[in-house]
K.L.:
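This is the structure, below, for whatever I ask next.
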Amino acid sequence: MIDEFMNDLDDELKERLLTRFNEAKRYGGETPLQWFNESEAEGFCLGYAEVFGDRDVDKFLFRYKDTEYMVDDQYCSDPECKCNEVILTFIEIISGKAAQEPKFVIRMPLGAGRYEVEYNQQLNRGDMNDILQCFKEHMGNDFSLLKNRYKKMKEFGAMRLKQKKQKQASPLLTA
């Protein structure tokens, strides 16, 4: 499925995905704090791939009817927040288009079937439900991967907060 997906992409998008994949492989053995660019990350809600690279990418690529979709998962990294939810961005993959745009974005509590719509590109609720159901079936109706990623993001947030406090506590050396 990934090979089929990659073959349908234009050269520019394919190059961008391969670059991100190679970056993720390079960062795979490192702690994200070693390479995470704090200046680019505002707030606490971060995309999993932003922090940890594109792991388990096959779980987030699926086909609904004749359309390829990619799902970007985002989590709150605030270690003190107990939100226990994921933000899922469903991106319709359009061959030959350099910039792919979200079709819809939902906020979903982990372990619950209900969700809130954050963004919708003119889909009716029934179509969103059908696409979400297809994604759930693609994942084998097992959301343990999302729960594990949520937990990992919270651990990252705790490390990030600790590092920030250490930087603020250490006196600046002057010459």
K.L.:
Determine whether Leu161 and Leu46 fall in the same hydrophobic cluster, where Ile, Leu, Val, Met, Phe, Trp and Tyr are linked whenever their side-chain heavy atoms lie under 4.5 Å apart.
P.N.:
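Each belongs to a different hydrophobic cluster.
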K.L.:
Applying side-chain contact (heavy atoms from CB on, under 4.5 Å) to Leu110 and Val86, what does each step give before you reach the verdict?
P.N.:
CA-CA 7 Å; Leu110 293 167; Val86 60; 3.8 Å; yes
K.L.:
Under 4.5 Å between side-chain heavy atoms, counting indirect links through other Ile/Leu/Val/Met/Phe/Trp/Tyr residues: same cluster for Tyr150 and Leu88 or not?
P.N.:
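Yes; Leu88 is reachable from Tyr150 via cluster members.
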K.L.:
Could you state the interatomic distance from CZ (Arg149) to CZ (Phe143), rounded to the nearest 0.5 Å?
P.N.:
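The CZ atom of Arg149 sits 12.5 Å away from the CZ atom of Phe143.
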K.L.:
Does Lys162 have more than 12 heavy atoms from other residues, nucleotides or ligands lying within 6.0 Å of its NZ?
P.N.:
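Counting neighbours around NZ of Lys162, 12 or fewer heavy atoms of other residues, nucleotides or ligands fall under 6.0 Å, so no.
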K.L.:
In Å and rounded to the nearest 0.5 Å, what is the OG to CE distance from Ser144 to Met139?
P.N.:
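That separation rounds to 7.5 Å.
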K.L.:
For Lys59, does the NZ atom sit with more than 12 other heavy atoms under 6.0 Å from it, leaving out its own atoms?
P.N.:
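No, because the 6.0 Å sphere around NZ of Lys59 holds 12 heavy atoms or fewer from other groups.
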K.L.:
Just by distance, with hydrogens left out, do Asn120 and Gln122 show a side-chain donor and acceptor under 3.5 Å apart?
P.N.:
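No, Gln122 and Asn120 have no side-chain donor paired with an acceptor closer than 3.5 Å.
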K.L.:
Between Arg63 and Asp66 (side chain of the first, backbone of the second, donor and acceptor by atom type, cut-off under 3.5 Å), is there such a pair?
P.N.:
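Checked: pair present.
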K.L.:
Tell me whether Lys65 is salt-bridged to Asp130, with the criterion being a basic N under 4.0 Å from an acidic carboxylate O.
P.N.:
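The answer is no: the pair does not qualify as a salt bridge.
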K.L.:
Within the 4.5 Å heavy-atom criterion, are Arg160 and Ser77 side-chain neighbours or not?
P.N.:
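The answer is yes; the side chains approach within 4.5 Å.
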K.L.:
Is the closest side-chain heavy-atom distance between Lys103 and Thr67 below 4.5 Å?
P.N.:
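Heavy-atom side-chain distance check fails, nothing below 4.5 Å.
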K.L.:
Might you point out which heavy atoms bring Arg114 and Met108 nearest each other, and give the distance in Å?
P.N.:
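Heavy atoms of Arg114 and Met108 come nearest at O-CG, 3.5 Å.
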K.L.:
Using only heavy-atom distances, determine whether the side chains of Tyr115 and Asn129 contain a donor-acceptor pair under 3.5 Å.
P.N.:
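Short answer, yes.
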K.L.:
Applying the 4.5 Å side-chain criterion to the ILVMFWY set and letting contacts propagate, would Tyr119 and Ile87 be lumped into a single cluster?
P.N.:
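Looking at the clustering, Ile87 is in the same group as Tyr119.
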K.L.:
Output yes when Arg107 and Glu116 qualify as a salt bridge under the 4.0 Å nitrogen-oxygen rule, no when they do not.
P.N.:
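Answer for the salt bridge query: no.
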K.L.:
Pair Asp78, Lys154 - check salt bridge (Lys or Arg N to Asp or Glu O under 4.0 Å), show working.
P.N.:
CA-CA 6 Å; Asp78 180 354; Lys154 291 294 187 177; 5.9 Å; no
K.L.:
State yes or no: do Leu146 and Val105 share one hydrophobic cluster built from I, L, V, M, F, W and Y residues joined by side-chain heavy-atom distances below 4.5 Å, directly or via other members?
P.N.:
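Looking at the clustering, Val105 is in a separate group from Leu146.
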K.L.:
So with a 6.0 Å cut-off around CZ of Arg125, is the heavy-atom count from everything else above 12?
P.N.:
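Enclosed.
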K.L.:
With side-chain contact (heavy atoms from CB on, under 4.5 Å) as the criterion, how do Leu132 and Ile106 come out once you've worked through the C-alpha distance, each side chain's angles and the decisive distance to 0.1 Å?
P.N.:
CA-CA 10 Å; Leu132 178 59; Ile106 62 171; 3.9 Å; yes
K.L.:
Distance-only, no hydrogens or angles: does the Gln100 side chain make a donor-acceptor pair with backbone N or O of Ile94 under 3.5 Å?
P.N.:
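Yes, Gln100 side chain to Ile94 backbone: donor-acceptor pair under 3.5 Å.
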K.L.:
If only atom types and distance count, is the side chain of Asp127 paired as donor or acceptor with the main-chain N or O of Leu123 below 3.5 Å?
P.N.:
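No; judged by distance alone, with no hydrogens or angles, the pair does not exist.
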K.L.:
Are more than 12 heavy atoms, taken from residues, nucleotides or ligands other than Lys136, located less than 6.0 Å from that residue's NZ atom?
P.N.:
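Check passes, neighbour count above 12.
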K.L.:
Indicate the ring-plane relationship of Phe156 and Phe52, choosing parallel, tilted or perpendicular according to the 30° and 60° boundaries.
P.N.:
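The rings of Phe156 and Phe52 stand perpendicular, inter-plane angle above 60°.
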K.L.:
Output yes when a side-chain donor or acceptor of His138 lies under 3.5 Å from a complementary backbone atom of Asp58, and no otherwise.
P.N.:
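Yes; at least one donor-acceptor contact below 3.5 Å.
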K.L.:
Please assess Phe60 against Asp72 for the test side-chain contact (heavy atoms from CB on, under 4.5 Å), listing each intermediate value before the final yes or no.
P.N.:
CA-CA 7 Å; Phe60 295 89; Asp72 179 54; over 6 Å; no
K.L.:
Where does the angle between the aromatic ring planes of Phe90 and Tyr69 fall among parallel (under 30°), tilted (30 to 60°) and perpendicular (over 60°)?
P.N.:
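Rings of Phe90 and Tyr69: perpendicular, as their planes differ by over 60°.
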K.L.:
Any chance the side chains of Tyr75 and Asp73 put a donor and an acceptor closer than 3.5 Å?
P.N.:
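A pair is found: one side chain offers a donor N or O, the other an acceptor, under 3.5 Å apart.
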